[in-house]
Structure formats: structure tokens, C-alpha cells
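Scroll down for the structure; my scribbles are underneath it.
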Amino acid sequence: MRDERRVARALLDRQGRTYAEEADITLADRPGPLYQLLVLTTLLSTRIRAQVAVAAARELFAAGWRTAPAMEASSWQDRVDALGRGHYRRYDERTATMLGAGAQLCLDRWHGDLRRLHREAGGEPTALRRRLTEFPGIGPTGADIFLREAQTVWPDVRPYADRRTLAGAKRLGLPANPRGLAGLVAEPDFGRLASALVRVALGAESAGEVGRSAAGTR
């Protein structure tokens with residue numbers, strides 16, 4: 001257990017930012033940040049590199065579309081152009097359409113406030129996943145992305161570890177189950193650990209380098 005905690009700490013030292021933080025989202029249990037996470041999730045759900053999705057999210061937010069009403073009021077062409085500035089070109093037109101439709105759904109059903117979705121689902125992950133997949137472009141993998149990040153501000157979802165998180169844990173020789181992983185870090189750090197493990201699973205972080213960093217802390 002002590003060695004596993006060293007590995008987890010080394011990983012956090014190397015890759016301690018969530019994808020939301022990389023996209024300049026100051027995540028909080030408020031309508032604006034939760035909607036921004038939904039936008040980022042939509043972008044991450046396509047077959048495109050995570051860094052491109054993050055860059056595209058930053059462009060959308062820089063354009064002022066940080067809330068569902070603002071996104072819904074934007075034009076399709078302006079969304080396409082913002083996505084292009086983030087080099088999100090392969091899926092830009094389809095994604096611009098999905099962002100508009102998703103903003104409308106968020107307004108119509110949740111009044112622009114995803115805390116309502118959280119309350120309706122009672123904070124239960126299965127119920128949350130089912131509701132999240134109603135948004136255009138967000139399937140089961142996208143719902144996992146959203147909940148993996150949202151657990152930093154929705155404590156009742158923790159510890160949430162999706163398939164990619166557990167794949168990263170296996171590469172590092174860490175427990176391949178949520179409870180086992182949760183025992184390695186302080187509770188508020190679990191969301192950061194989950195994101196870092198995804199980077200290991202995707203090859204954006206080297207399991208060998210993490211192991212060597214952990215060995216150097218002995």
C-alpha cells in the first residue's frame with residue numbers, strides 16, 4: 001500500500017490537473033461551470049486528441065459562450081469558426097450543430113442549470129449517466145468523462161472510475177477498482193487522480209516515468 005501511494009502521489013505531481021482545469025474551467029457546483037464541463041465533454045467525446053478538444057473549448061469560452069443561454073444565442077457559423085480556431089476541424093460542423101442542440105436541451109429541460117439534473121438523479125451515477133446521454137454527441141463514454149470530472153464538486157459521485165481510469169491504474173500496478181484507488185489519495189484529490197490515470201491509459205503519460213519518479217521519492 002505504501003508503494004502504491006507513492007506511485008499515486010508521483011502521478012499527481014506529474015499530471016495533477018483535470019481536463020476541466022486545462023480548459024480553463026474553474027469547476028464549481030454552479031450553472032456556468034457545470035455547463036462548461038458539458039461543452040468540454042461534448043468535444044472530448046469525438047475521436048480527436050484530448051489536447052485539441054481542450055483548445056477548442058478554450059476558444060468557445062473565449063468567445064463568451066460559457067453558459068447555455070450564451071451558446072444557444074450564438075450562430076452556427078460562429079461556433080464553427082471558434083472550433084476551427086482550436087484546430088477542431090474534422091468534426092467542426094457536426095459539433096457546432098450538437099452544441100446548439102445541447103444548449104437548447106439544457107435550457108428546455110434543466111433551465112440551464114445541471115444541478116437540477118443532479119438533483120433529479122439523486123446523485124446516483126447510473127441515473128446521471130442515463131440523463132447525460134440524452135445530450136447530442138454524449139454517449140456512455142462521454143457520460144463517464146463528465147462524471148469523472150464532476151466528482152470533484154459532486155462528492156456523492158465519488159469515487160468514480162471509468163474504464164479508461166482503471167486501464168491506467170492497471171498499467172501502473174495500482175488497484176483496478178474505484179475503492180482501492182480511493183484509498184491511495186485524499187478524497188478531494190480523487191478526481192485529479194482519475195484524470196491523470198486516463199492520461200496514462202491514453203499514452204500521454206509514461207507508466208515507466210511515473211514509476212521512476214515514485215522510486216525517487218523513497
Side-chain angles (χ1 to χ4, degrees), residues 18-121 125-150 153-154 160 162-164 195 198 202 204:
T18 63
Y19 285 99
E21 288 171 331
E22 284 194 18
D24 295 331
I25 300 170
T26 303
L27 200 55
D29 192 23
R30 299 197 306 271
L34 290 172
Y35 176 72
Q36 291 157 35
L37 177 58
L38 185 74
V39 169
L40 177 61
T41 297
T42 303
L43 299 176
L44 286 168
S45 294
T46 58
R47 296 184 179 220
I48 203 159
R49 289 188 301 112
Q51 290 308 309
V52 173
V54 166
R58 286 176 177 163
E59 291 293 340
L60 291 166
F61 302 150
W65 308 323
R66 287 182 169 268
T67 64
M71 186 68 78
E72 193 276 333
S74 67
S75 75
W76 177 84
Q77 187 60 58
D78 283 345
R79 294 194 296 272
V80 169
D81 292 345
L83 291 168
R85 291 193 297 274
H87 305 288
Y88 199 93
R89 295 195 175 94
R90 185 177 177 188
Y91 302 101
D92 53 354
E93 295 187 355
R94 183 167 67 93
T95 300
T97 299
M98 291 191 300
L99 288 170
Q104 190 64 63
L105 176 61
C106 188
L107 289 167
D108 290 346
R109 183 159 181 189
W110 312 111
H111 304 282
D113 186 353
L114 293 176
R115 294 176 301 181
R116 292 172 177 260
L117 180 151
H118 182 222
R119 286 195 296 270
E120 183 180 291
T126 300
L128 285 165
R129 290 177 89 251
R130 186 167 58 249
R131 286 162 175 79
L132 287 165
T133 56
E134 294 176 15
F135 284 97
I138 297 181
T141 297
D144 283 338
I145 293 169
F146 186 95
L147 294 176
R148 190 177 70 220
E149 298 276 320
V153 294
W154 286 350
Y160 194 87
D162 63 346
R163 175 178 52 84
R164 283 181 176 165
S195 292
V198 169
L202 295 177

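The figures here come from the full heavy-atom set of this structure, side chains too, leaving out hydrogens, waters and symmetry mates. Residue numbers start at 1 and run along the sequence shown.
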Sequence neighbours left out, what passes side-chain contact (heavy atoms from CB on, under 4.5 Å) with Pro31? Give chain and number order.
Asp113, Arg115
Those residues at least two apart in sequence (or on a different chain) that pass salt bridge (Lys or Arg N to Asp or Glu O under 4.0 Å) with Arg129 are Asp144
Thr67: which residues meet the side chain to side chain donor-acceptor pair (under 3.5 Å) condition with it, sequence neighbours left out?
none
Salt bridge (Lys or Arg N to Asp or Glu O under 4.0 Å): pairs with one or both residues in residues 102-111, sequence neighbours excluded:
Arg109-Glu120, Arg109-Glu134
Looking at residues at least two apart in the chain, or sitting in another chain, which of them share a side-chain contact (heavy atoms from CB on, under 4.5 Å) with Ala68?
Tyr35, Cys106, Leu107
Without swapping roles, check the side chain of Glu72 against the backbone of Gln104 for a donor-acceptor pair under 3.5 Å.
no
With sequence neighbours left out, what residues match Ala127 under side-chain contact (heavy atoms from CB on, under 4.5 Å)?
Ala121, Glu124, Arg130, Arg131
Contacts satisfying salt bridge (Lys or Arg N to Asp or Glu O under 4.0 Å) that involve residues 24-33 (not counting sequence neighbours) are Asp24-Arg58
For side chain to side chain contact (heavy atoms under 4.5 Å, CB included), just list the numbers for Val198 and Tyr19, CA-CA rounded to whole Å, side-chain angles, deciding distance to a tenth of an Å, and then say yes or no.
CA-CA 10 Å; Val198 169; Tyr19 285 99; 3.8 Å; yes
Going by side chain to side chain donor-acceptor pair (under 3.5 Å), name the residues that satisfy it together with Arg164, two or more places apart in sequence or in a different chain.
none
Report the residues that fulfil side chain to side chain donor-acceptor pair (under 3.5 Å) with Ser195, sequence neighbours left out, ordered by chain and then residue number.
Glu149
Taking only residues two or more places apart in sequence or in another chain, which ones pass side-chain contact (heavy atoms from CB on, under 4.5 Å) with Thr26?
none
Side chains of residues 46-53: which donor-acceptor pairs under 3.5 Å do they make with residues two or more places apart or in other chains?
residue, atom, partner, partner atom, Å
Thr46, OG1, Leu43, O, 3.1
Thr46, OG1, Tyr88, OH, 2.5
Gln51, NE2, Glu22, OE1, 3.0

Applying salt bridge (Lys or Arg N to Asp or Glu O under 4.0 Å) as the test, list every pair that has at least one member in residues 85-94; sequence neighbours left out.
Glu59-Arg85
Between Trp154 and His118, what is the ring plane arrangement, given parallel below 30°, perpendicular above 60°, and tilted in between?
parallel
Side chains of Thr41 and Leu132: closer than 4.5 Å at any heavy-atom pair?
no
Minimal heavy-atom distance between Pro140 and Thr133, with the atoms involved, is N-CG2, 3.8 Å
